[in-house]
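It should be emphasised that the depicted structure is a prediction, and the values quoted were computed from it without experimental measurement. Here is how names work: the chains are called A, B, and so on, in the same order as the sequence lines, proteins then strands, and each is numbered from 1.
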There are 2 protein chains.
Amino acid sequence: MKQDNILEIFSDLGIRATTPRILIYEYIKLQSDTFSLGDIENALPDTDKSTIFRTLILFEEHHLIHSMEDGSGAMKYCLCRNQGECEEEEFHCHFYCEKCKKTYCLDNQASTNITLPKGFIMNHINFIIKGICDKCSHKTDI
Amino acid sequence: MKQDNILEIFSDLGIRATTPRILIYEYIKLQSDTFSLGDIENALPDTDKSTIFRTLILFEEHHLIHSMEDGSGAMKYCLCRNQGECEEEEFHCHFYCEKCKKTYCLDNQASTNITLPKGFIMNHINFIIKGICDKCSHKTDI
DNA sequence: TTTCTTTTGCAACCAGGTTGCAGAAGCGTA
DNA sequence: TACGCTTCTGCAACCTGGTTGCAAAAGAAA
Ligand SMILES: [Mn+2]
Ligand SMILES: [Mn+2]
Ligand SMILES: [Zn+2]
Ligand SMILES: [Zn+2]
């Protein structure tokens with residue numbers, strides 16, 4: 001595991017390696033932070049939106065990517081750093097910059113200590129911190 | 001402050017007390033957890049969606065309510081327990097039940113310890129825990 | 001090749017949110 | 001009470017992102 005070859009990653013997971021899937025995965029691998037379906041649409045104008053949509057669902061089912069709601073209106077995704085072998089604890093937090101609209105993965109910068117009320121069962125976490133990112137906070141405003 | 005009379009709450013904040021605003025605020029006061037624009041639409045079929053929409057914006061600007069994205073597709077709102085005087089620290093967490101689709105306010109059940117990377121400035125938090133609520137977890141499945 | 005299964009592209013649809021605008025309502029003043 | 005100005009409402013239209021049904025294309029198997 002921890003493959004680098006796309007074809008092997010797909011075949012390990014039993015995913016058929018089609019042209020759109022390879023293009024989409026190649027795009028995803030280049031992203032250091034999060035991306036949306038619309039970002040992929042722009043990057044791959046010859047691939048249909050619905051194909052991208054279904055591919056993202058497929059990738060998420062196989063834990064190749066994670067998804068999150070950052071309040072921007074569009075679902076955001078990020079590459080799973082553990083290629084389908086992420087553990088339950090990988091509930092990492094994200095930062096949404098209200099100025100440049102970029103969403104960053106914060107891997108270990110935020111710790112949470114959760115005690116749920118009796119009877120509540122946690123499956124996922126969607127933890128978004130909103131504010132101004134480092135690049136935008138350095139700029140002088142006006 | 002900590003008023004109970006709707007008309008006084010509005011006049012304290014300089015909000016004109018119109019019929020739709022009173023109806024909407026009365027609805028909101030009855031809710032123990034979160035609600036959406038669509039919930040209000042259903043409860044008040046004679047009030048237009050855009051009026052409800054603009055009223056929610058107004059209420060949030062005056063900190064009468066908080067809003068959050070719970071991933072359900074619809075923005076959720078909850079009554080501010082401090083009537084417009086909530087402090088920055090009131091970043092409470094919410095729980096979304098994936099079975100009954102209800103979103104609960106978790107006031108003190110989850111603590112977070114956040115250390116952002118250098119240069120990042122936090123303004124808000126959108127912290128949603130997803131899973132199964134107590135009512136739904138007690139039910140025998142099938 | 002033929003046949004069967006999976007995947008794709010297109011077009012249409014949907015939900016929730018958002019906007020421009022004309023008329024209604026509210027309010028201060030005469 | 002009537003007038004003039006400002007704010008608010010309802011309606012209809014629009015927008016964006018997401019979702020679906022379906023026929024054609026591509027892939028795998030025989
Ligand atoms: Mn992961
Ligand atoms: Mn509050
Ligand atoms: Zn930024
Ligand atoms: Zn539930």
Side-chain angles (χ1 to χ4, degrees), chain A residues 6-7 9-11 13-27 34-62 64-78 96 101-103 126 128, chain B residues 6-7 9-11 13-27 34-62 64-78 96 101-103 126 128:
Chain A
I6 295 181
L7 300 184
I9 293 172
F10 285 178
S11 88
L13 295 170
I15 294 177
R16 206 182 274 183
T18 65
T19 307
R21 288 173 182 173
I22 293 171
L23 289 172
I24 293 169
Y25 195 78
E26 277 172 348
Y27 170 84
T34 66
F35 54 86
S36 66
L37 190 157
D39 293 334
I40 303 180
E41 240 184 314
N42 294 333
L44 306 175
D46 294 336
T47 307
D48 189 76
K49 182 164 70 149
S50 65
T51 302
I52 301 171
F53 174 69
R54 290 184 273 230
T55 301
L56 289 171
I57 291 176
L58 179 78
F59 285 177
E60 187 165 25
E61 281 170 356
H62 288 276
L64 290 174
I65 57 175
H66 299 284
S67 66
M68 81 222 65
E69 278 280 344
D70 66 1
S72 68
M75 181 72 78
K76 294 294 173 62
Y77 302 87
C78 65
Y96 175 71
K101 318 296 185 201
K102 192 172 157 173
T103 298
N126 192 73
I128 309 284
Chain B
I6 296 181
L7 299 185
I9 292 172
F10 285 178
S11 86
L13 294 171
I15 293 176
R16 205 181 274 184
T18 65
T19 307
R21 288 174 182 171
I22 294 171
L23 290 173
I24 293 169
Y25 195 77
E26 278 172 346
Y27 170 84
T34 67
F35 54 87
S36 65
L37 191 158
D39 293 334
I40 303 179
E41 240 185 314
N42 293 334
L44 306 176
D46 293 337
T47 306
D48 189 74
K49 182 165 69 148
S50 64
T51 301
I52 301 170
F53 174 68
R54 291 185 272 230
T55 301
L56 289 172
I57 291 175
L58 180 78
F59 285 178
E60 186 165 24
E61 281 170 357
H62 288 275
L64 290 174
I65 57 175
H66 299 283
S67 67
M68 80 222 65
E69 278 280 344
D70 65 1
S72 69
M75 181 71 78
K76 294 294 173 62
Y77 303 88
C78 66
Y96 176 72
K101 317 298 184 199
K102 193 172 156 175
T103 298
N126 193 73
I128 308 286

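- Atom C1' of nucleotide C:dT7 and atom CG of A:Leu23 are separated by 14 Å, given to the nearest angstrom.
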Nucleic acid footprint by protein, nucleotides 23-30 of chain D - heavy-atom cut-off 4.0 Å, B for base, S for sugar-phosphate alone
----SS--
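- One can place CG of A:Asp46 at 9 Å from P of C:dG9, the figure rounded to the nearest angstrom.
- For A:Lys102, the salt bridge (charged side-chain N to carboxylate O under 4.0 Å, His left out) test picks out A:Asp33, with sequence neighbours left out.
- Not counting sequence neighbours, the partners of A:Ile57 by the side chain to side chain contact (heavy atoms under 4.5 Å, CB included) test are A:Phe53, A:Glu61.
- In this structure, the CZ atom of A:Phe59 is 12 Å from the P atom of C:dT7, given to the nearest Å.
- Without hydrogens or angle criteria, A:Thr103 side chain to A:Thr34 main chain gives no donor-acceptor distance under 3.5 Å.
- Rounded to whole angstrom, the span from the CD atom of B:Glu69 across to the C1' atom of D:dT16 amounts to 14 Å.
- Between the CZ atom of A:Phe10 and the P atom of C:dT7 there is a distance of 12 Å, rounded to whole Å.
- With contacts defined as side-chain heavy-atom distances shorter than 4.5 Å, the pair A:Ile9/A:Ile15 does not qualify.
- For the pair A:Tyr77 and A:Met68, the minimum side-chain heavy-atom distance is 4.5 Å or more.
- Across the protein-nucleic acid pair, B:Leu56 atom CG and D:dT9 atom C1' stand 15 Å apart, rounded to whole Å.
- Protein atom CZ of B:Arg21 is 15 Å distant from nucleotide atom P of C:dA25, rounded to whole Å.
- Using cut-offs of 30° and 60° for the angle between ring planes, the A:Tyr25 and A:Phe59 rings count as perpendicular.
- Side-chain N or O atoms of B:Asn42 include none that pairs as donor or acceptor with a backbone N or O of B:Asp39 at under 3.5 Å.
- Residues passing the side-chain hydrogen bond (donor to acceptor under 3.5 Å, both in side chains) test with B:Ser67, sequence neighbours excluded: B:Glu60.
- At whole-Å resolution of the value, CE in A:Met68 and P in D:dG17 are 17 Å apart.
- Among residue pairs with one or both ends in residues 66-76 of chain A, those qualifying as salt bridge (charged side-chain N to carboxylate O under 4.0 Å, His left out) are A:Asp70-A:Lys76; sequence neighbours excluded.
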Summarise how protein sits on nucleotides 12-21 of chain C as a single string, 5' to 3': B when a protein heavy atom is under 4.0 Å from the base, S for sugar-phosphate-only contact, - for no contact.
----SBBBBB
